[in-house]
Structure formats: structure tokens, C-alpha cells
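Note sheet for the following structure.
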Amino acid sequence: MTSGDRLADRVHDLLVEAVRIYHDNGPAQEWLHQHLVRLDGPLRLAVTGPPGTGKSTLVNALVGESVAPVASEQAAGHLTWYVDGPQPRAQVSPWYGDPYELPLHRADRGLRLAGPSAMYASGAEAIHQVLLEWPSRSLRHTHLLDTPGLPPADAGWETAAGIWQDADAVLFLSRTLSAADLRRMPPVRGGWAATALPLHVVVVLSRADETAGGRVDALLAAKQIARRRRREPDLTLICQDVVAVSGLIGYAARALRQDEYDALAALAVQSRTDLEPHLLSVDRFRSADAVPLDPAWRERLLDRFGLTGVRLATTLVRSGAQDPRALAEALLRHSGLAELQSVVADLFSARRSVLKARVALSAIEQLAHREPRPQSGYLLTEVEQVVSEAHEFAELRLLAALRTRRAGLPAEMAVEARRLAGGSGASMSERLGLPAEAPPEELWARAAAAAERWRRESQEPGRPTRERRTAQVVLRSCEAILQQLG
Ligand SMILES: Nc1nc2c(ncn2[C@@H]2O[C@H](COP(=O)(O)OP(=O)(O)O)[C@@H](O)[C@H]2O)c(=O)[nH]1
Ligand SMILES: [Mg+2]
């Protein structure tokens with residue numbers, strides 16, 4: 001079952017209908033056509049948050065190459081979309097005027113747009129957006145948006161709201177998960193509960209290697225904080241999950257080179273007790289005589305891994321990471337990047353069409369409010385109807401509740417509920433826990449038995465209402481499978 005297809009069809013039809021209703025309004029037509037095109041495209045994932053939270057570094061970690069930030073002559077402040085393309089190419093969209101191309105150069109960090117574009121520039125923020133095509137497998141199914149730092153909430157939510165509108169899903173970065181940071185997210189717009197719910201947001205506790213003052217166990221401490229906070233009401237209301245990630249170490253893992261491995265291995269040859277005192281602070285590491293690396297290499301390692309990363313990497317080499325590949329894999333796991341990748345895959349990529357439907361519905365809703373017509377009321381009713389009938393939204397909400405243990409089911413049932421609702425893969429066989437080549441009769445038998453079980457659960461008078469509602473959603477997932485088989 002490719003979850004969300006029926007929903008996608010209904011949303012597509014509704015967009016087409018809106019195009020008809022707004023046939024004499026140029027800008028509305030353009031807006032609706034953009035949303036029609038987006039419906040079939042790759043996942044559009046924005047990386048956003050306050051300044052300095054490690055957004056560009058995380059983009060590099062997700063791409064696996066140093067492509068962010070894209071710097072320009074006219075300072076920062078523009079959006080950058082990263083998409084897969086046959087060769088590196090940058091298309092610049094100024095705030096006013098037509099898009100134009102600029103040559104690209106590699107910079108120490110990320111890329112640099114070359115050439116004088118002053119003729120186009122009327123101010124520091126003359127560039128609105130850069131579309132960067134870059135050959136990368138990581139960008140084939142997901143387009144990434146790197147954003148300038150969000151201003152504090154009291155400066156308004158325009159920037160954040162614009163980004164929210166532009167993306168299907170959002171990674172919101174914060175170093176501390178403070179209330180002031182979280183308030184920078186725009187309040188949810190739109191009227192209908194399911195489009196309003198934050199099905200498309202994951203909060204990242206970023207620069208996790210610096211948590212707890214960069215102690216030896218900083219990454220573990222950060223993961224514990226994330227686990228605790230993901231269940232607290234202030235966060236459950238605004239996101240699907242909270243994940244702790246060190247983008248710095250994650251990127252270092254994905255781009256690890258043999259000579260870097262060799263340098264780390266040279267350090268790891270020293271015993272833990274000999275090396276540890278030199279790794280207590282950056283200054284000590286820089287000035288230690290007993291360390292078998294020249295100063296340039298020490299700087300390089302600090303720059304690439306940070307002190308926590310150097311400590312972690314040497315420990316991993318000592319405990320058995322015998323080549324760059326093994327070390328990269330262990331660093332990927334410890335950095336939290338592997339977990340983030342799997343959260344993005346489960347909650348966003350596998351549910352792409354549902355998230356896109358959500359964006360399109362909210363776009364129609366906004367248009368109907370912004371440009372009222374005699375038929376706007378009809379459009380709004382249709383949006384409401386699609387939302388309330390779409391089982392796909394209920395499934396996504398259920399998966400979020402299960403992830404954060406808010407669904408209130410006993411552990412064993414929660415595991416099955418997650419699988420049936422598509423949390424371990426959206427295909428029929430994955431939902432039923434069967435091999436991909438299982439024959440239809442087997443799928444049917446398994447789905448029928450599951451439906452029976454969850455029907456009983458949903459009617460069990462002894463269960464709290466919340467659990468019975470959860471069981472109803474799972475039952476509908478089973479019924480949808482049976483319907484598709486039948
Ligand atoms: N220790 C550590 N430093 C980081 C991490 N991510 C980013 N940084 C550093 O924080 C600074 C800001 O990072 P950047 O990615 O440009 O943040 P942005 O402004 O949110 O895009 C840079 O000096 C990065 O090297 C991280 O995970 N760990
Ligand atoms: Mg940046």
C-alpha cells in the first residue's frame with residue numbers, strides 16, 4: 001500500500017478545481033500551479049532555527065559534502081535550496097528582477113558565488129534565494145533548504161512562516177530547547193486540526209557534542225535530554241519528535257578520510273590514561289608536547305571533529321574501529337545523525353505524499369481566505385472534508401504518539417500498532433511483518449487476523465478511551481489493507 005495515494009488524488013482534484021475557480025486571477029493561478037507541481041516532486045525539507053545552531057553544518061552532514069553555506073558578495077541572509085542535478089550550478093533569484101546564473105567556487109567551508117552581481121544588488125539582501133544543483137544521491141529524493149537564522153519571536157514570524165510555506169517538512173534546530181528558541185516557530189495557521197497539527201516538524205537538539213559543557217559523555221547527555229523532552233507537552237504540541245545530533249561529528253563521519261583516520265589512530269596508540277589529560281581542553285590539546293601529531297594536524301582534527309569528537313573517535317579506534325569505514329559507521333551512530341536520518345525516512349520520506357497533501361490543503365485554505373470568492377466557502381468545506389476523512393493523517397498522528405509513548409498502549413501492542421500503521425515501512429508486507437514476496441492469501445490471512453484482534457481491542461469496555469481510539473486507528477489501517485487486497 002502506498003500510503004496517501006487516495007489522499008493525494010483527492011488533493012490533486014481539489015487543486016484543479018481551485019485553478020478553475022481562480023481562472024481569472026494570475027497570481028492565484030501561479031500559486032496553485034506551483035502546488036500542483038510540488039505534489040509530485042521530491043520531499044522538500046527545510047533546516048531552520050536561530051542563528052548559529054548548526055543549520056549549514058547539518059545540511060552538509062545530510063548531503064555528505066561541504067556544500068553549505070553558499071556565500072555571496074552581498075552578505076548572507078538568503079535561502080538556499082539544494083537539489084540533485086547533473087553538474088554544479090547556481091541559479092540566483094533576486095528579490096526584484098529575473099533569475100540569473102553565477103559561477104561557483106569551493107570555499108573553506110561550503111561554496112562561494114563568484115562574480116560581481118552588484119548590478120543586480122540594491123541592498124545587502126538583494127538575493128532572495130539560490131537554487132543550487134549539485135550531483136548527489138542524498139539529494140535525489142529529498143531537496144534541502146538551508147535558511148538564515150530565524151529572528152526572535154518578538155520580531156515577527158514572517159521569516160519562519162515563509163519557510164514553513166515553502167517546505168513539506170521542517171527540521172527545527174535549537175541548542176538548548178529553550179522556550180525563547182521554540183517561540184521562534186510560527187504559530188500554526190489554518191483552521192483544520194489535521195492540517196494545523198505539526199505532523200511535519202522534528203526538533204533537533206543541535207551541536208549535541210557541546211551539551212553539558214562538552215563533557216566526555218556530552219552526546220549521551222544530549223540524547224537523554226531529547227528523550228525526556230520529546231514527551232513534555234511544550235514539545236509534543238509543536239513537533240513529532242526530538243532528536244539530539246552533532247552535525248559536526250556527523251559530517252566528519254560521512255566525509256572521513258584515510259589520513260584523518262591515521263592521525264586519530266596515532267593518538268589512539270597512546271593509552272587512555274596518557275592521552276586523556278591532553279584532551280581536557282582545546283588549549284591543552286594544542287599545547288601538549290607528548291601528543292604524536294604536529295600542530296597543523298591537531299588544528300585540523302579540532303576543526304573537523306571538535307574536542308568531543310577527537311575524544312570519541314580515539315576511544316572508538318581503541319575499542320575496535322580498525323579502519324576508516326568502521327570508524328565512520330560508529331561516529332555516525334554516536335553523533336545522532338543515523339537516528340535523525342531514520343526519523344526523516346520514517347516520518348517524512350515514507351509519508352511524503354501525506355505531507356505534501358497537508359501543504360496543498362493549507363495553501364487552498366489560505367487562498368480562499370485571502371481572496372474570497374463566491375465559491376471560497378465550497379473550497380473550505382471540501383478541505384475540511386478531505387482532512388476529516390483522511391485516515392493518513394490519523395496514522396501519522398498515531399505514529400507520533402507511539403514514538404513519544406503518548407498512545408498509552410502496552411509495549412507489545414504498541415510495537416504491532418506501529419508496524420500496522422506503517423511505522424516500519426508503508427508497503428502492505430512491511431505493515432503485516434511478512435517478506436516482500438509473501439503471496440496475497442498470506443497477506444490476507446494476516447491482515448484479517450490483525451483486524452479481528454484490533455476490532456476486539458477497540459470495543460473492549462475495560463480499556464481507557466484513549467487506547468480504544470488508538471485501536472480504532474489501527475483497525476482502519478488493517479481494513480485499508482484488506483480493501484486493497486480484495
Ligand atoms: N561543536 C560543534 N560545533 C558546531 C556544530 N555544528 C555547527 N558548529 C559550529 O557552529 C558554528 C555555526 O555553525 P553553522 O552550521 O554555520 O550554523 P548556522 O548559522 O545555524 O548555519 C560554526 O562555527 C560551526 O563549526 C556541532 O554539531 N558541534
Ligand atoms: Mg548557516
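One is the number of the first residue; the rest follow in order along the sequence. Order of appearance sets the numbers: ligands from 1, and atoms from 1 within every ligand. These numbers come from a predicted model, not from an experiment.
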Could you state the interatomic distance from CD (Glu158) to CD1 (Ile163), rounded to the nearest 0.5 Å? 11.5 Å

Gap between atom CZ of Arg254 and atom CD of Glu329 - 0.5 Å precision: 13.0 Å

Measure the distance from [atom] to every protein heavy atom, then report the residue, atom name and distance (to 0.1 Å) of the closest one.
atom                    : result
atom 7 (C) of ligand 1  : Thr57 OG1, 3.2 Å
atom 17 (O) of ligand 1 : Gly54 N, 3.1 Å
atom 1 (N) of ligand 1  : Asp209 OD2, 2.7 Å
atom 18 (P) of ligand 1 : Lys55 N, 3.5 Å

Less than 6.0 angstrom from the centroid, inside 45 degrees of the normal: does Arg370 satisfy that with respect to the ring of Trp31? yes

Does Arg44 qualify as a cation-pi partner of Trp81, given the criterion of NZ or CZ under 6.0 Å from the six-membered ring centre and within 45 degrees of its axis? yes

Polar-atom distance check: [X] versus ligand 1, any N or O pair below 3.5 Å?
X      : answer
Arg207 : yes
Gly247 : yes
Leu248 : yes
Ile249 : no

Working note: Thr48 + Asp146, criterion side chain to side chain contact (heavy atoms under 4.5 Å, CB included); need CA distance, chi angles, decisive distance, verdict. CA-CA 7 Å; Thr48 184; Asp146 189 13; over 6 Å; no

Does some side-chain heavy atom of Pro135 sit less than 4.5 Å from a side-chain heavy atom of Pro88? yes

Side-chain heavy-atom pair Leu102, Val130 within 4.5 angstrom cut-off: no

Determine whether any heavy atom of Gly52 lies closer than 4.0 Å to an atom of ligand 1. yes

Arg109 and ligand 1 - part of the residue with a heavy-atom distance under 4.0 Å: side chain

For the side chain of Ser353 and the backbone of Ala8, is there at least one donor-acceptor N/O pair under 3.5 Å apart? no

Quick one: does atom 23 (O) of ligand 1 have a protein heavy atom under 4.0 Å from it? no

Using a cut-off of strictly less than 2.8 Å, determine whether Thr57 has an N/O/S atom near the Mg ion (ligand 2). no

